[in-house]
Amino acid sequence: MSSPELTMITVKDLHKSYNGNHLFKGISLDVKKGEVVAIIGPSGSGKSTFLRCINGLENFQKGEVIVDGIRLQAINRSNPSKEDIEVIRKIRLKVGMVFQQFNLFPHMTVLENIIEAPVHVLGIDRNIAIENALTLLRRINLENKTDSLPEDLSGGEQQRVAIVRSLAMKPEVMLFDEPTSSLDPEMVGEVLYVIKDLVGGGMTTLIVTHLMQFAREVADRVVVLDKGDIIETGLPDEIFINPKNERTKSFLSRIY
Amino acid sequence: MLKYKFYYLRVCILLGLFVFLSPNISMAQENDSALYRIQERGTLIWGADAEGGAPYIFPDPENPEKYIGFEVDLADAIAKKLGVKAVHKQNSWDGLVPALERGDFDIAMNGIEITDERKNTILFSQPYYIYTEQLVVRKDETNIKDINDLKGKKVGTMSGTVAQDILENLSGVDVKIYPTQVEPYTDLAIGRIDAVLLDLPIAAFYGKPNPELKYAGEPMGEGLYGIAIRQEDAELKVKIDEILAELIRSGELKQIYEKWGLWNEAQDKLYEQVQVKNGYTNANLEKSQRTSISTFFPALLKGAALTIFISVVSMTLAVTLGLFISLIRLYGRAPFTSLATSYIEIYRGTPLLIQLYLLYYGLPNIGISLSPWLAAFIGLGMNYAAYEAEIYRAGITAIPKGQMEAALSLGMSQKLAIKRIILPQALRISLPGITNDFIALFKDSSLVSIIAMVELTKTYNILASSTLRYFELGLITATLYFGMSYPLSLLARRLENRLKGKKGVV
């Protein structure tokens with residue numbers, strides 16, 4: 001195992017149930033600094049829920065999540081203590097997240113979407129935040145859409161803006177929750193291109209995806225989830241060429 | 001010698017006590033007495049209902065913003081003797097005594113009959129008028145000759161009057177109670193009821209001039225009008241009694257009654273000398289029916305301005321409080337969410353009218369007395385806050401969950417996310433609904449007339465009942481309401497259309 005100071009994310013013995021459905025029965029995972037992990041598996045296996053537990057969008061009943069030394073334990077979601085709220089906020093400041101539905105703020109322009117959190121959460125000077133935002137927009141070739149509203153952008157453009165909106169907070173971890181699943185096929189490429197660029201820069205990344213080829217290209221490690229359990233984990237080539245677990249085999253055979 | 005010394009000591013003690021106590025006594029009297037307050041203020045505030053109030057108090061047909069009537073003259077005469085100005089305060093007749101008790105005015109003078117029951121709660125001055133009850137029927141009526149022929153008949157009167165007591169003590173009479181003195185006579189003329197029993201001055205003004213109506217039998221059931229005064233203001237009662245005695249001796253009171261054609265033999269008991277009965281003239285009512293309708297505009301516009309003011313202030317309160325309540329309901333912690341829900345359910349589940357009564361007439365029972373303004377703002381504002389809260393809630397819950405998740409995952413606190421991301425979107429959705437409610441509130445504001453606010457509807461009631469021009473004045477009043485609410489309606493429609501155009505918002 002890697003030494004502790006190089007570990008970015010630790011998930012330990014996570015238990016989660018909702019609506020009487022016991023989804024995670026003690027799931028654990030370590031992610032090293034700079035590591036890119038792809039999470040694959042059949043739908044309903046808990047991939048998205050697992051990702052959302054890491055930044056506190058989902059609660060869990062038992063176990064813990066540690067991000068860069070910040071420890072999040074099971075909390076009372078209906079009546080959280082001040083300390084719990086503070087821990088979740090600290091984690092979220094380190095972790096950026098990109099959603100399947102983009103979730104851009106429709107009442108704000110592209111630029112306003114990007115500078116919103118840097119200005120109002122980090123307290124960065126508005127002009128500096130705008131400079132940073134423009135740099136990011138140039139990187140994704142959308143500097144001409146600065147003043148557009150999200151509704152005037154294509155799906156692919158919206159998702160690229162959503163990615164740089166997260167990056168504007170200078171996170172140390174990025175979580176991608178099926179980032180291309182609601183895109184038209186011709187727009188998938190441009191989004192994947194941005195993600196690859198980002199991953200190439202050494203960002204610790206967890207990606208839930210249905211695109212096996214993409215997972216194989218970008219991931220350092222692939223985790224296979226089924227029915228709330230990690231059934232196999234390994235290098236992309238091992239998993240995709242020579243899976244050991246029978247359930248992995250049947251899942252992959254259904255996809256290819 | 002010893003005796004003399006003792007006497008000297010006693011005088012000293014008495015003198016000392018007198019010097020010590022007297023300023024306190026006189027100061028206490030000055031500060032607390034109603035008389036002192038009236039003189040300090042320079043005004044005698046008297047309560048009376050001008051709605052259907054002729055010949056007691058009603059709008060001058062030539063200048064509807066000014067009230068005239070024999071009680072207006074009497075109030076002026078009394079105030080003059082006190083060295084102050086008389087200021088009338090509008091209050092519904094039913095509510096005069098409670099309003100007097102809660103301190104809305106110094107005295108109430110509005111044909112209030114002196115009864116033992118009322119004497120339990122308030123003081124009465126010496127009588128200033130001796131009234132009789134007069135039965136009025138239709139011209140073609142032959143069966144009803146006096147009060148003994150009323151069995152099985154529908155007889156109208158006004159609520160809270162002595163006439164009502166008389167009728168209810170007769171067996172077999174179907175008593176119809178009206179809030180003001182105008183409607184019984186109109187209903188009688190068109191045959192909805194068979195007779196009306198009310199005080200003679202009322203019958204003389206509203207009944208007799210009507211060509212379809214006539215008096216039946218002689219005036220009966222003599223009674224006394226007195227000025228109502230709070231029980232603790234005994235000193236004021238003594239002063240007013242003195243003034244009334246003076247007005248009677250000097251003949252000034254008689255002059256007032258003669259001016260209004262109210263002088264009759266019955267007043268003999270107030271006066272030594274016997275006077276010739278004057279027929280009651282109804283010049284005022286006839287005059288007011290001839291005057292141009294435009295003479296009523298200033299009064300109606302003033303009422304409309306008050307309606308706008310009440311609506312705007314109440315709505316401001318409603319949208320602010322409503323937002324607060326909806327946020328607690330959606331994002332608050334355990335006990336507060338159910339409190340917010342209860343607030344909404346209770347305010348939506350009870351009539352606004354009852355809420356206003358409770359606020360204005362009910363709260364004084366537990367020692368909280370609100371001014372009519374405050375009661376109107378709070379009453380309307382808190383009621384509408386419940387509806388606005390639900391509109392906001394619909395707007396907030398229409399925002400996709402992903403918006404809050406995206407905001408939170410960017411490190412925003414829930415509070416900041418609500419303020420910066422959720423509310424700006426939710427408000428756009430809520431705006432048409434809120435504008436629609438504003439229109440509704442505009443019209444509901446007429447309910448505050450029950451708490452002594454003379455807004456547009458009340459102005460209409462007062463003017464129409466004194467002139468009987470219900471139709472023309474009603475059309476004008478309705479037009480004014482429409483003129484105020486229609487622009488809002490257009491605004492609401494525009495907002496709705498803009499919303500439909502924006503796919504991204506919902």
Side-chain angles (χ1 to χ4, degrees), chain A residues 48 51-52 54-58 76 78-82 85-86 88-108 112-123 148-153 158 161-162 165-171 173-175 177 182, chain B residues 323 327-341 392 394-434 495-506:
Chain A
S48 289
L51 212 58
R52 290 155 59 87
I54 293 173
N55 73 343
L57 286 182
E58 294 277 350
N76 176 358
S78 64
N79 209 354
S81 69
K82 274 210 162 71
I85 293 172
E86 210 28 58
I88 293 177
R89 282 246 296 147
K90 275 188 196 157
I91 287 182
R92 285 175 183 160
L93 286 175
K94 289 191 179 288
V95 179
M97 184 157 189
V98 171
F99 300 85
Q100 185 182 338
Q101 298 296 339
F102 331 136
N103 295 342
L104 290 181
F105 306 135
H107 59 303
M108 295 179 176
E112 285 166 345
N113 260 282
I114 299 170
I115 66 169
E116 176 65 20
V119 170
H120 290 99
V121 177
L122 300 180
S148 304
L149 285 172
E151 63 186 4
D152 298 324
L153 302 183
Q158 287 193 50
V161 172
R165 178 175 71 174
S166 279
L167 293 180
M169 290 297 283
K170 304 206 160 54
V173 178
M174 282 294 288
L175 308 177
D177 186 5
S182 39
Chain B
L323 179 60
L327 289 178
I328 292 178
R329 180 164 186 188
L330 285 168
Y331 300 107
R333 297 200 169 197
F336 300 109
T337 46
S338 28
L339 274 179
T341 311
Y392 285 124
I396 291 170
T397 45
I399 307 300
K401 222 174 87 204
Q403 289 290 309
M404 177 58 96
E405 290 179 350
L408 291 177
S409 67
L410 283 168
M412 292 192 192
S413 64
Q414 193 190 43
K415 210 171 123 189
L416 185 66
I418 292 169
K419 185 180 144 202
R420 300 278 316 169
I421 308 301
I422 304 301
L423 279 186
Q425 297 181 59
L427 290 187
R428 279 159 77 167
I429 298 172
S430 309
L431 219 45
I434 290 172
L495 291 170
E496 269 163 36
N497 285 339
R498 216 179 67 187
L499 207 60
K500 265 184 225 152
K502 294 253 177 202
K503 278 175 289 165
V505 174
V506 187

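In what follows, every chain begins at residue 1, and chains take the letters A, B, ... in the order their sequences are listed. Because the structure is a prediction, the values reported are computed rather than measured.
Counting only distance, with no hydrogens or angles, the side chain of A:H120 and the backbone of B:A417 share no donor-acceptor pair below 3.5 Å.
Residue pairs meeting the salt bridge (Lys or Arg N to Asp or Glu O under 4.0 Å) criterion with at least one member in residues 406-415 of chain B, sequence neighbours excluded, do not occur.
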Name each donor-acceptor pair under 3.5 Å that joins a side chain in residues 397-406 of chain B to protein atoms two or more places apart or in another chain, with its distance.
unit_1 : atom_1 : unit_2 : atom_2 : d
B:T397 : OG1    : B:R393 : O      : 2.7
B:T397 : OG1    : B:A394 : O      : 3.2
B:Q403 : OE1    : B:Q425 : NE2    : 2.9
B:Q403 : NE2    : A:L104 : O      : 2.8
B:E405 : OE1    : A:R52  : NH1    : 2.9
B:E405 : OE2    : A:R52  : NH1    : 3.4
B:E405 : OE2    : A:R52  : NH2    : 2.7

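Interatomic distance, CZ of B:R420 versus CD of A:E116, reported as 4.0 Å (0.5 Å rounding).
B:I421 touches chain A through backbone and side chain together, each having a heavy atom under 4.5 Å away. For A:F105, the parts lying near chain B are the backbone and the side chain together; criterion is any non-hydrogen pair under 4.5 Å.
Side-chain contact between B:L408 and A:L57 is present, with at least one heavy-atom pair separated by less than 4.5 Å.
Taking every heavy atom of both residues into account, A:H107 and B:P424 meet most closely at CD2-CB, 3.5 Å. Closest approach of A:I85 and B:R333 over heavy atoms only: CD1-NH2, 4.3 Å. The heavy-atom pair separating A:S166 from B:L410 by the smallest distance is CA-CD2, 4.1 Å.
The number of heavy-atom neighbours closer than 6.0 Å to OH of B:Y331, taken from other residues, nucleotides and ligands shown, is above 12.
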